[in-house]
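Excluded from the calculations below are hydrogen atoms, water molecules and symmetry mates; all remaining heavy atoms, backbone and side chain alike, are included. Convention: sequence-line order gives letters A, B, ...; per-chain numbering from 1. Worth saying up front: this structure is predicted, and the values here are computed from it rather than measured.
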Amino acid sequence: MDYLEELNEPQREAVLYTEGPLMIIAGAGSGKTKVLTTRIAHLMAKGVDAFTILALTFTNKAAREMKERVEKILSGNGSSAAGREVRNLYIGTFHSVFARILRTEASHLGFPNNFTIYDTDDSKSLIKTIVREQNLDEKIYKSNYVLNRISAAKNSLVGWEEYAQDFHARNDDQHANRPLIYKLYEVYVKRCFRNGAMDFDDLLFNMHKLLTSFPEVLHKYQHKFKYILIDEYQDTNPAQYAIIKLLGAVYENICVVGDDAQSIYSFRGATIQNILQFEKDYDDVRVVKLEQNYRSTKSILKVANEVIANNKLQIQKVLWTDNTPGEKIILMRTMSDNDEGRFVADIIAEQKLRNHYHEKDFAILYRTNAQSRSFEENLRRKNIPYRIYGGLSFYQRKEIKDIVAYLRLIVNTRDEEALRRIINYPVRGIGKTSLEKASLIANQHQITLWQVLEQAAMFGFRAGTLNAIENFVIMIKSFQIMLEKHTAYEVAFRVGKETGIIKELFNDKSTEGVARYENIQELLNSIKEFTETPDEEGELADKGLGSYLQQITLLTDADKGDEDSDVVRLMTIHAAKGLEFPCVFVVGLEETLFPNAMSVNDREDLEEERRLFYVAVTRAKTKLWLTYANTRYRFGNLVQNDPSRFLDEIPKAYLEESFVGRSAAGAGYQPAWERPYMSQRDTQAKASVSGMASAKVTPTKVIVDHTPSAGFKPDDPSTFEAGMEVEHQKFGFGKILKLEGNSGNRIATVFFHKAGEKKIMLNYARLQVVKKEIG
DNA sequence: GATTGCGCGATTTTT
DNA sequence: TCGCGCAATC
């Protein structure tokens, strides 16, 4: 049992206490994953059957890492066939594990076993159609709002029936001038059912329904899972809580791991109460606190601890470390958001040289995605490679969703969202009017949209439309038949080919067109890989197209490798949870931005913002910068900021002098407002701050002609001139034909002229000079 | 059915 | 400010 030797005392206790309810409070960087994986390995080493162990995480990445590390411990322990054993473990995200169970038990609930999983976009678009059908005002019943209400209800296990009876919910809706939410909820649920689809929340809600409505199913899984482990317990919502409670009721070998100080997902329905109350849920709960941090310096931990200490809602603990005291935290104030970006980029460039850091050692963490712009621009200028996390995920891209929609329809013709997406894409003459008519018929007859199309001849469509519909139906059916004899990959390829989607993208030679074409290729490859990899034995193996489609909706961009590429990482603090970096910048520490005014309605919300700050700073191993800007553009308006209250909660002794008005950071930086250079925007900022009338900025227009080429070495774009080769992030390379108005490095509007196409209006922020043309 | 031009709104987002 | 979605066009 040499794996036990590597553990400290509380860690060992957490591993060895295998019987009975256990709560592990794992502070940031205290070796949580190590404990969890060792615990699983220990159970297996003791002879516990892998089939009986259930471990639930929130991300696919966490699940994957857990599997890998368990396997590693086991093989290090001399256990043969470790790999096969590990594959038998039920390790996965809440959503993927429940989806798998729901798939096998679907018939109990009246769902097809190849039910579609709706992502947020599908849900929103379905809500939009329903709102329209109900003749409600889409401005009032916005899909986002409605979905949030429904989602919150489901996460609290309030079904549509109860919701309609729920005085408080109804009263709230009445108050918000949206009294008919309950009705939309009902229609939405029924429509999902008709479509043979579950949304993300349904995977939890229906799992709970399955367990509570069918005692034999509950019995089966209660006895199957003898050991249950839950990661990130502080982020569970009431539905997850209830399911865990049900599943663990027989053996009560429930081990939850979490850190109340890192509960930052209340807006997704998570409740910190689950972890605060765990001790009351069972008799004899053992609590183990992992308080030794192995990640950060003493200064960094101090800052984290001091801020979080202001919270009332917490489990008492003190995170400590044996690590070096480290350097003081550098607090940097800049004049504008733009300067903030420039200084951060400067510091990264300098630190790289001075301390031999790599780009991947740096992370810039912000509260809102909109803040990424100034960092992006400045890193780009200095030629520092970076990557912004948290844009569109691969599977949310249009071209991917289009192909996937065809596949979804082939597998499950009840899937109305898929059908709507592609019924007239590529254009085949079934327009809005015809679709509306078909929908109406479907609703009247209480049948699916697909059934209407199948029997279109009965419903009096115009001859041309009827013909188009029949051809469409025949095409989809031919794909279905093909699926019986051919692999999913071949069918997908045929879909792309026969619909003309592949051809269309192939012919599009613009940068984005090429990228899209490549995305399609990547999709096809992933289908091939998933469906044609030989089966492993075991009950989990299911390599069909239906199974593929279910798992891709549960994937996110964060799941796709790319971890090792040497780039500076830019992301929101939420996205940074679970990660660590030698050097971290926590930026935009301004009151109303962070803590964010929109999310703070009461004391508890402020506490969550504090936890967010805690998460942010504890990502840092050795160096930490906290920055804020005096002025910042928000929604196009220049606003003045007060420093975040969190900064007042940090003892000054831990901060490096670089405070207001003084020279920044001791690292030799000249504060922005003392520097000669000042961009137009900064000038305007300064003018407005000091009360002068702000200078009016004349928009500069640039005409750009698209001339595809590659291989230019980027140059510092101090000014734009006619004749310059420029690169646009999205539209690729082009050439400035003509300058209108002032030249400078700020251009308000750009006309990007793609060959043979219309002019496109672009924004300056995405332009970069790649080659200066002489003469 | 495709194109254009205004008006509105704008956190965080593991699945 | 910027992007989207809708209504008004051809």
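The shortest non-hydrogen separation linking A:L36 to A:L229 is CD2-CD2, 3.3 Å. Closest of all the heavy-atom pairs between A:I25 and A:I275 is CD1-CD1, 4.0 Å. Across every non-hydrogen atom of A:A418 and A:A405, the tightest pair is CB-O, 3.5 Å.
The side-chain heavy atoms of A:R268 and A:F58, taken from C-beta on, include no pair separated by under 4.5 Å.
Rounded to whole angstrom, the span from the CG atom of A:N148 across to the P atom of B:dT12 amounts to 13 Å. As a whole-Å value, the separation of A:I430 CD1 from B:dA2 P is 13 Å.
Ring geometry, A:F613 versus A:F594: the interplanar angle falls from 30° to 60°, so the pair is classed tilted. Relative ring orientation between A:F94 and A:F98 is described as perpendicular, the plane-to-plane angle rising above 60° on a 0-90° scale split at 30° and 60°.
The nucleotide whose nearest atom lies closest to any side-chain atom of A:E138 is, among B:dT15, C:dC6, B:dT13, C:dC6. Each of B:dT11, B:dT15, B:dG1 was ranked by its minimum atom distance to the side chain of A:L554; first place goes to B:dT15. Comparing B:dT11, C:dG5, B:dT12 by their closest approach to the side chain of A:K128 singles out C:dG5. Taking only side-chain atoms of A:T368, from C-beta outward, the nucleotide of B:dT11, B:dA2, C:dC6 with the closest atom is B:dT11. Nearest nucleotide to the A:D235 side chain, out of B:dT14, B:dT13, B:dA2: B:dT14. The listed nucleotides are B:dT15, B:dT11, B:dT14; the one nearest the side chain of A:F200 is B:dT15. Listed nucleotides B:dT14, B:dT12, B:dT15 differ in distance to A:H574; the shortest reach to its side chain belongs to B:dT12.
Note on A:G429: only backbone sugar-phosphate atoms sit closer than 4.0 angstrom, heavy atoms only; bases stay farther off. As judged by a 4.0 angstrom heavy-atom cut-off over every strand, A:L593 is placed among residues making no nucleic acid contact. A:K432 comes within contact range of the sugar-phosphate backbone alone, with a heavy-atom separation under 4.0 Å but no base atom that close. Within 4.0 Å of A:R367, counting heavy atoms only, lies at least one base atom of the nucleic acid. In this structure, A:F94 reaches neither bases nor backbone, as no heavy-atom distance under 4.0 Å exists between it and the strands shown.
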> In dot-bracket form, how is DNA chain B paired, counting a Watson-Crick or G-U wobble pair only if both its distances are under 3.5 Å and using | for bases paired to another strand?
Replying inline: ||||||||||.....
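Phosphate proximity of B:dG1 to A:N424: present, with a side-chain N or O under 4.0 Å from OP1 or OP2. Between B:dT11 and A:N369, no contact under 4.0 Å exists linking OP1 or OP2 to a side-chain N or O. In terms of phosphate contacts, A:K142 brings a side-chain nitrogen or oxygen within less than 4.0 Å of OP1 or OP2 of B:dA10.
Between the CG atom in A:L606 and the CZ atom in A:R611 there is a gap of 10.0 Å [rounded to 0.5 Å].
Looking at A:R268, its side chain comes within 3.5 Å of the base of B:dT15 through a donor and an acceptor atom.
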